[in-house]
Asker: 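The following block contains the structure, expressed as structure tokens.
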Amino acid sequence: MQENQSTGGAPESQFNESLCVNCQLNVYQPGHAINLCSDCRQSLIKFPVPRWIKFFAIGIIAVMVISLIRTKRYISAAIHLGKAENAIDQKHFVTAQQELALVLNKFPDDMAANGYMMIASAYNLDFESYGAAYSRIADKKTDDESLLSRVDAASAYIDQNFPKDTLMYKRIIAAANNKEKLLALTDSTQEIALKTHIANFLYELKDYERVESIINKVLAVDSNFYQAVSLMSAVKRNTAKYDDALAYCDRLLSLNAEDVYALSQKARIELKRKHDKDAAIYAAKAMELSPDNNSAIEAKAMVEHFAGKKKESLASLAKIKAHEAESGDSTISKRLTLIINGSEIYR
Amino acid sequence: MFIPGIFISIATFPGVIVHELAHQLFCRLFKVPVFEVCYFRVENPVGYVLHEPAPKVYQTVFISVGPFIINTLLCFIIGFSASLQFKFDSANILDYLLMYLAISIGAHAFPSTGDASTLWNAVVKSETSSWLSKAVVTPIVGFIYAGALGSFFWLDIIYGGAVALGLPYLIIKFLV
């Protein structure tokens, strides 16, 4: 308990009441609660702060300055982390991942940043970033139940893309170009990831009716299964059911408002029905979010191609090929080449 | 858990020093003579400032609630310089020291019942104070007593922690 007490003076019998109560030498200044002379009043107003208190304050200020210098980088990291948290709340997972990359540059082992990175990269289907974040915090413990439950949900989301029956997966791969074999395998598995793989190969063989039938069964099990929804959108596009195709893209965007694939797919759908202006908007959005994403570059290349910008579309194709040289997957460049060189009539 | 206030005051003595210093600085600001200052001692009250009654009501109020302003401000500034390090699990000994200082200072932000009593006697009980002054000061005194009561439930320490650790996080949230 501390106090501030205004005093009523210090009555003592020897005091001359007409003199200053403090020094008893000078006449006091009238008009104040306590009778002090001018000199005493001035000196008591400036009652000295002891030297040790001044040193104490200087010590605190010195430590604070050092800490504030260090705090600068923490502030920027905290702001990026805050932005990432907000972006995740709004399902803007690309933005979240970009913000988290900035945090992890400074604090690679931070639990919260890695946890959020697992969430963002899972919904972006960025397996590499997800794995890297996971490996950094796999052995760490946290009491943040909310973060843990969100990480678990994101992990389940990304995990569903991996087939569990690897033997069956190999059999499906082996039957990739054989429609009869693929159809025979369809009922041999209940795993939706494998069924979607079969549907994917049938899509390549342009058997859209059967793809739709399989995917409907998959969506009956999990209406938000990413690979199935995106495949269904492609089927609807190729069967000229453009509004349905766009609706499936919107379903993907409800899971991840910055799904670059879904935006690129929307651009391709709009191009197919010759809504080139809308297509250009979606392609630009996709490119803005992720300029190095092959789906985004493909959408941009197609917009350029149908706008008669041959040089630009070829440059985009070359960019995709350069990316594919690293990944080894040339699916996008192959289908885009056919459209750009006129071998395939897209619309 | 009940811990006698004197032990908490000893453990958080930097806050007591700043509290008394705040009273003294507000006295100096309003040109009120100060006769004696005890920045810290191991008995009740753990610190005090003896000064001439301030001539104006608002000065009396500010001298009494000065620690609330100064301690809170210092608690926030010192806490801010260390709190984010805790957020990123990279606090070092310096940060722990600063956080201890910040919470100690914040914990002594509430004016004491002695301050409330001074305010009550100088304003509410005074025949020269206006009704408006009394109407303004009465809830302040009530607030101070409520704070003193809350200290039984560690409200003072919770307040220090909230200002030192919670407020910086809130500000970052607003900056985003």
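In what follows, every chain begins at residue 1, and chains take the letters A, B, ... in the order their sequences are listed.
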Asker: Return the option, out of Leu84(B), Asn92(B), Val34(B), with the maximum number of heavy-atom pairs under 4.5 Å with chain A.
Answerer: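 Answer, by heavy-atom pair count under 4.5 Å with chain A: Val34(B).
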Asker: Can you find a side-chain donor-acceptor pair between Tyr226(A) and Asp259(A) that sits under 3.5 Å?
Answerer: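 Indeed, the side chains of Tyr226(A) and Asp259(A) share at least one donor-acceptor pair under 3.5 Å.
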Asker: Looking at Leu101(B), Leu74(B), Asp89(B), which makes the most heavy-atom pairs under 4.5 Å with chain A?
Answerer: Leu101(B)
Asker: What's the shortest heavy-atom distance between Leu263(A) and Ala286(A), and which atoms?
Answerer: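 Closest approach of Leu263(A) to Ala286(A), heavy atoms only: CB-CB, 4.1 Å.
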Asker: Please state whether the side chain, the backbone, both or neither of Val103(A) comes within less than 4.5 Å of a heavy atom of chain B.
Answerer: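 The side chain, not the backbone.
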Asker: Chain B heavy atoms under 4.5 Å from His80(A): which part of the residue, side chain, backbone, both or neither?
Answerer: neither
Asker: Only pairs of heavy atoms separated by less than 4.5 Å count here; which of Gly31(A), Ala112(A), Gly82(A), Ala78(A) has the most with chain B?
Answerer: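 So the answer, after comparing Gly31(A), Ala112(A), Gly82(A), Ala78(A), is Ala78(A).
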Asker: Please classify the contact between Phe80(B) and chain A as side chain, backbone, both or neither, with a heavy-atom cut-off of under 4.5 Å.
Answerer: both
Asker: Which answer fits Glu85(A), side chain, backbone, both or neither, if we ask what part of it has an atom under 4.5 Å from a heavy atom of chain B?
Answerer: side chain
Asker: Chain B: which of Val63(A), Leu68(A), Leu36(A) shares the most heavy-atom pairs with it under 4.5 Å?
Answerer: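 Top count of heavy-atom pairs under 4.5 Å with chain B: Val63(A).
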Asker: What part of Ala77(A) gets closer than 4.5 Å to chain B, counting heavy atoms only: side chain, backbone, both or neither?
Answerer: both
Asker: Which bit of Ile75(A) comes within less than 4.5 Å of chain B, counting heavy atoms only: side chain, backbone, both or neither?
Answerer: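 For Ile75(A), the contact with chain B is made by backbone and side chain together.
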Asker: Would you call Lys266(A) and Asp250(A) a salt bridge, taking side-chain N to carboxylate O under 4.0 Å as the test?
Answerer: yes
Asker: Under 4.5 Å from any heavy atom of chain A, what part of Lys87(B) do you find: side chain, backbone, both or neither?
Answerer: both
Asker: Given a strict heavy-atom distance threshold of 4.5 Å, which part of Ser83(B) is in contact with chain A: side chain, backbone, both, or neither?
Answerer: neither
Asker: Between Tyr39(B) and Gln24(B), is any side-chain donor less than 3.5 angstrom from a side-chain acceptor?
Answerer: yes
Asker: Who wins among Leu119(B), Leu175(B), Ile78(B) for the most heavy-atom pairs under 4.5 Å with chain A?
Answerer: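 That would be Ile78(B).
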Asker: So for Pro67(B), is it side chain, backbone, both, or neither that comes closer than 4.5 Å to the heavy atoms of chain A?
Answerer: neither
Asker: Pick one of side chain, backbone, both or neither for Ile53(A), based on which atoms fall under 4.5 Å of a heavy atom in chain B.
Answerer: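 Interface part for Ile53(A): side chain.
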Asker: Start with the C-alpha gap between Leu125(A) and Tyr130(A), add the side-chain angles, then the distance that decides, and say whether side-chain contact (heavy atoms from CB on, under 4.5 Å) holds.
Answerer: CA-CA 8 Å; Leu125(A) 297 178; Tyr130(A) 174 86; over 6 Å; no
Asker: Using a strict 4.0 Å threshold on nitrogen-to-oxygen distance, state whether Lys91(A) and Glu258(A) make a salt bridge.
Answerer: no
Asker: Look only at the side chain of Gln85(B) and the backbone of Asp95(B), and say whether a donor-acceptor pair between them is shorter than 3.5 Å.
Answerer: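 No: the side chain of Gln85(B) does not pair with the backbone of Asp95(B).
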Asker: Please look at Phe88(B) and chain A and tell me whether the side chain, the backbone, both or neither of the residue comes under 4.5 angstrom of a heavy atom of that chain.
Answerer: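 The answer is both parts of Phe88(B).
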Asker: Taking the side chain as every heavy atom from C-beta outward, state whether Phe40(B) and Ile10(B) have any pair of such atoms under 4.5 Å apart.
Answerer: yes
Asker: What's the verdict on ring pair (Phe, Tyr, Trp, His ring centres under 6.0 Å) for Phe107(A) and Tyr74(A), showing C-alpha distance, side-chain angles and the deciding distance?
Answerer: CA-CA 9 Å; Phe107(A) 303 101; Tyr74(A) 290 91; 5.1 Å; yes
Asker: Determine whether Leu29(B) and Phe62(B) make a side-chain contact, defined as any pair of heavy atoms from C-beta on separated by less than 4.5 Å.
Answerer: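 No, side chains not in contact.
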